[in-house]
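Scroll down for the structure; my scribbles are underneath it.
Remember, it's a predicted structure, so these values are computed and weren't measured experimentally. FYI, side chains are in, hydrogens and waters are out, and symmetry mates aren't considered; it's all heavy atoms of this structure. Below, chains carry the letters A, B, ... as their sequence lines are ordered, and counting in each starts from 1.
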Number of protein chains: 2
Amino acid sequence: MKKINVKKGAVLQRKGDISSKVYLVESGLLRSYTIDDKGKEHIYMFGPENWLVADSCEPNTPCQLFIDALEDTIINVATKEELLKEGPDLTALLRRLDTMQNRIIMLMSSNAKKRYEHFTKTYPNIIQRVPLKMVASYLGITPEALSRIRNELSKKK
Amino acid sequence: MKKINVKKGAVLQRKGDISSKVYLVESGLLRSYTIDDKGKEHIYMFGPENWLVADSCEPNTPCQLFIDALEDTIINVATKEELLKEGPDLTALLRRLDTMQNRIIMLMSSNAKKRYEHFTKTYPNIIQRVPLKMVASYLGITPEALSRIRNELSKKK
DNA sequence: CCTATGCATTGATGTTCATCAAGAAATAAT
DNA sequence: ATTATTTCTTGATGAACATCAATGCATAGG
């Protein structure tokens, strides 16, 4: 478990890397994302303070996600082997599974507007720290679509 | 860890239940799913032989998923507390995280046709065991849309 | 055997969101 | 401060998929 400092824009991991590590964010903001075959980015997760950011690929297999820093960030880095040995935090693992389960259900059963409303409630602080197009990417829609949704929501008030 | 037998159609867990358990499938087939506010079902996961089926909610919180049996099924049941005490199978947990990560990426970056093709490759045996409308529900599309996709794919050959 | 129920398919139409293009506004760079 | 770059917005058009309705097929129960 080594503590490191990274600058905004630093890339910690690229898709295809074999030695994918686990990053515990102390301060700042990371993100993980994929790039599809049309070159389009899809944000998989934001990693603010106290979040664990990692690719879930098995040890010694190529990973799927890019990970980079959206702000100057302080992180603790560990290998998966290390974590498995010392016995990981099971409560944190369960919480992560729950987060992913919610995300899947959300993607399958809600339209863009509902997903956005849920996101603003669940991650109110993230919205102010990243450009809207990244929120759109996280929600699985285009920036244009998100712009229209916000427009519509603000009129209603 | 108690072994039990359930008949096709048996319901093991309902959305909102507090004491959600963990089910290890020995033979047969389970599924977990939600019902959205319009009454529409969304299959979250199929659970064939050797799969672990569970709601990822934290202990003593209301769960989100229904779980029932699509075939006569033999399962080992445990509470989450039990599993946490005896130290869960970390490799299996990591594999599950990987599966969910793939699912999310798939839902965000692929259209219905690609998701279907991926599904047929990844779970070839499930397709033959469940009605198509359930595959559609898992993929996040309507049975009509899946019917048209299959139609189109068969013409190409 | 006959009927009731669920399943798969097909066609017609509608909604949601993506794509393309252009311009305004904000942010960063020199 | 000025320019360059990114971000956000708005409009027009199109594609993907949903919805609604009707029909044929299979399967299960009586």
Side-chain angles (χ1 to χ4, degrees), chain A residues 7-10 29 31 33-43 46 68-72 106-120 126-157, chain B residues 7-10 29 31 33-43 46 68-72 106-120 126-157:
Chain A
K7 283 265 166 220
K8 175 174 175 171
L29 184 62
R31 78 167 164 168
Y33 62 100
T34 47
I35 298 181
D36 68 22
D37 43 7
K38 284 175 206 138
K40 205 167 156 185
E41 272 182 31
H42 301 273
I43 294 185
F46 292 109
D68 64 9
L70 298 180
E71 303 172 355
D72 293 353
M106 190 61 64
L107 283 169
M108 285 205 301
S109 63
S110 298
N111 62 18
K113 191 156 92 183
K114 272 192 196 156
R115 296 207 297 278
Y116 174 67
E117 289 175 320
H118 180 264
F119 183 77
T120 55
I126 303 272
I127 298 228
Q128 289 136 19
R129 291 161 71 181
V130 305
L132 279 182
K133 60 171 222 170
M134 288 194 185
V135 176
S137 168
Y138 178 90
L139 294 174
I141 59 176
T142 58
E144 293 95 327
L146 180 54
S147 177
R148 283 167 185 129
I149 287 167
R150 284 162 56 84
N151 204 324
E152 190 191 341
L153 286 177
S154 63
K155 271 181 204 157
K156 280 198 178 168
K157 299 287 159 73
Chain B
K7 284 265 166 220
K8 175 174 176 171
L29 183 62
R31 79 168 162 166
Y33 63 100
T34 47
I35 298 182
D36 68 22
D37 42 7
K38 284 176 205 135
K40 205 167 156 186
E41 271 181 31
H42 301 274
I43 293 184
F46 293 108
D68 64 8
L70 298 180
E71 302 173 355
D72 293 352
M106 192 58 69
L107 283 169
M108 286 205 301
S109 64
S110 298
N111 61 19
K113 190 156 95 185
K114 272 192 197 157
R115 296 206 297 278
Y116 173 67
E117 288 174 322
H118 181 264
F119 182 78
T120 55
I126 301 274
I127 299 229
Q128 289 137 17
R129 292 161 72 181
V130 305
L132 278 183
K133 61 171 217 167
M134 289 196 185
V135 176
S137 168
Y138 179 89
L139 295 173
I141 58 177
T142 58
E144 292 95 329
L146 180 55
S147 176
R148 285 172 182 126
I149 286 167
R150 284 161 54 84
N151 202 323
E152 190 191 341
L153 286 176
S154 66
K155 267 179 203 157
K156 280 200 175 165
K157 300 288 160 72

For nucleotides 6-8 of chain D, tabulate all protein N/O to nucleotide N/O atom pairs closer than 3.5 Å, reporting atom names and distance.
{"from": "D:dT7", "atom 1": "OP2", "to": "A:K133", "atom 2": "NZ", "distance (Å)": "2.8"}
{"from": "D:dC8", "atom 1": "OP1", "to": "A:L132", "atom 2": "N", "distance (Å)": "2.8"}
{"from": "D:dC8", "atom 1": "OP2", "to": "A:L132", "atom 2": "N", "distance (Å)": "3.1"}
{"from": "D:dC8", "atom 1": "OP2", "to": "A:K133", "atom 2": "N", "distance (Å)": "3.0"}

Heavy-atom contacts, protein to nucleotides 19-30 of chain D, under 4.0 Å, summarised as B (base), S (sugar-phosphate only) or - (none) per nt, yield BB----------
Send over the distance from [X] [atom1] to [N] [atom2], rounded to a whole Å.
{"X": "A:Y116", "N": "C:dC17", "atom1": "OH", "atom2": "P", "value": "15 Å"}
{"X": "B:I127", "N": "C:dA8", "atom1": "CD1", "atom2": "C1'", "value": "15 Å"}
{"X": "A:L153", "N": "D:dT9", "atom1": "CG", "atom2": "P", "value": "12 Å"}
{"X": "A:M108", "N": "D:dC17", "atom1": "CE", "atom2": "P", "value": "16 Å"}
{"X": "B:E152", "N": "D:dA15", "atom1": "CD", "atom2": "C1'", "value": "13 Å"}
{"X": "A:I141", "N": "D:dC17", "atom1": "CD1", "atom2": "P", "value": "17 Å"}

Please tell me if the side chains of A:R129 and A:L70 come closer than 4.5 Å, counting only heavy atoms from C-beta onward.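 No. Closest side-chain heavy atoms not under 4.5 Å.
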Residues in side-chain contact (heavy atoms from CB on, under 4.5 Å) contact with A:S110, at least two apart in sequence or another chain: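 So A:S110 forms a side-chain contact (heavy atoms from CB on, under 4.5 Å) with A:M106, A:K114, A:R115.
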Ring pair (Phe, Tyr, Trp, His ring centres under 6.0 Å) against A:Y116, all qualifying residues, sequence neighbours excluded: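 Per chain and number, A:Y116 pairs via ring pair (Phe, Tyr, Trp, His ring centres under 6.0 Å) with no residue.
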Would you give the length of the straight line joining atom CG of B:L139 to atom CD of B:E117, rounded to the nearest 0.5 angstrom?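 Taking CG in B:L139 and CD in B:E117, the distance rounds to 11.0 Å.
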Calculate, to the nearest 0.5 Å, the distance between atoms CZ and CD1 belonging to B:R31 and B:I126 respectively.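 Atom-to-atom, B:R31:CZ and B:I126:CD1 are 12.5 Å apart.
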Ion pair A:K8/A:D72, N-O distance below 4.0 Å: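 No.
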Mind grabbing the angle between the end helix axes of the helix from C:dC1-D:dG30 to C:dT30-D:dA1? Five pairs an end, 10° rounding.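 Inter-axis angle at the ends, rounded: 50°.
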Reckon B:N151 has a side-chain N or O less than 4.0 Å from the OP1 or OP2 of C:dT10?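 For B:N151, the contact criterion (side-chain N or O under 4.0 Å from OP1 or OP2 of C:dT10) is met.
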If you compare every side-chain N and O of B:N111 against the phosphate oxygens of D:dC17 (OP1, OP2), does one of them come in below 4.0 Å?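 For B:N111, the contact criterion (side-chain N or O under 4.0 Å from OP1 or OP2 of D:dC17) is not met.
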Can you give me every donor-acceptor pair (side chain of residues 131-138 of chain A, partner residue at least two apart or in another chain, under 3.5 Å) with its distance?
{"from": "A:S137", "atom 1": "OG", "to": "A:E41", "atom 2": "O", "distance (Å)": "3.3"}
{"from": "A:S137", "atom 1": "OG", "to": "A:I43", "atom 2": "N", "distance (Å)": "2.8"}

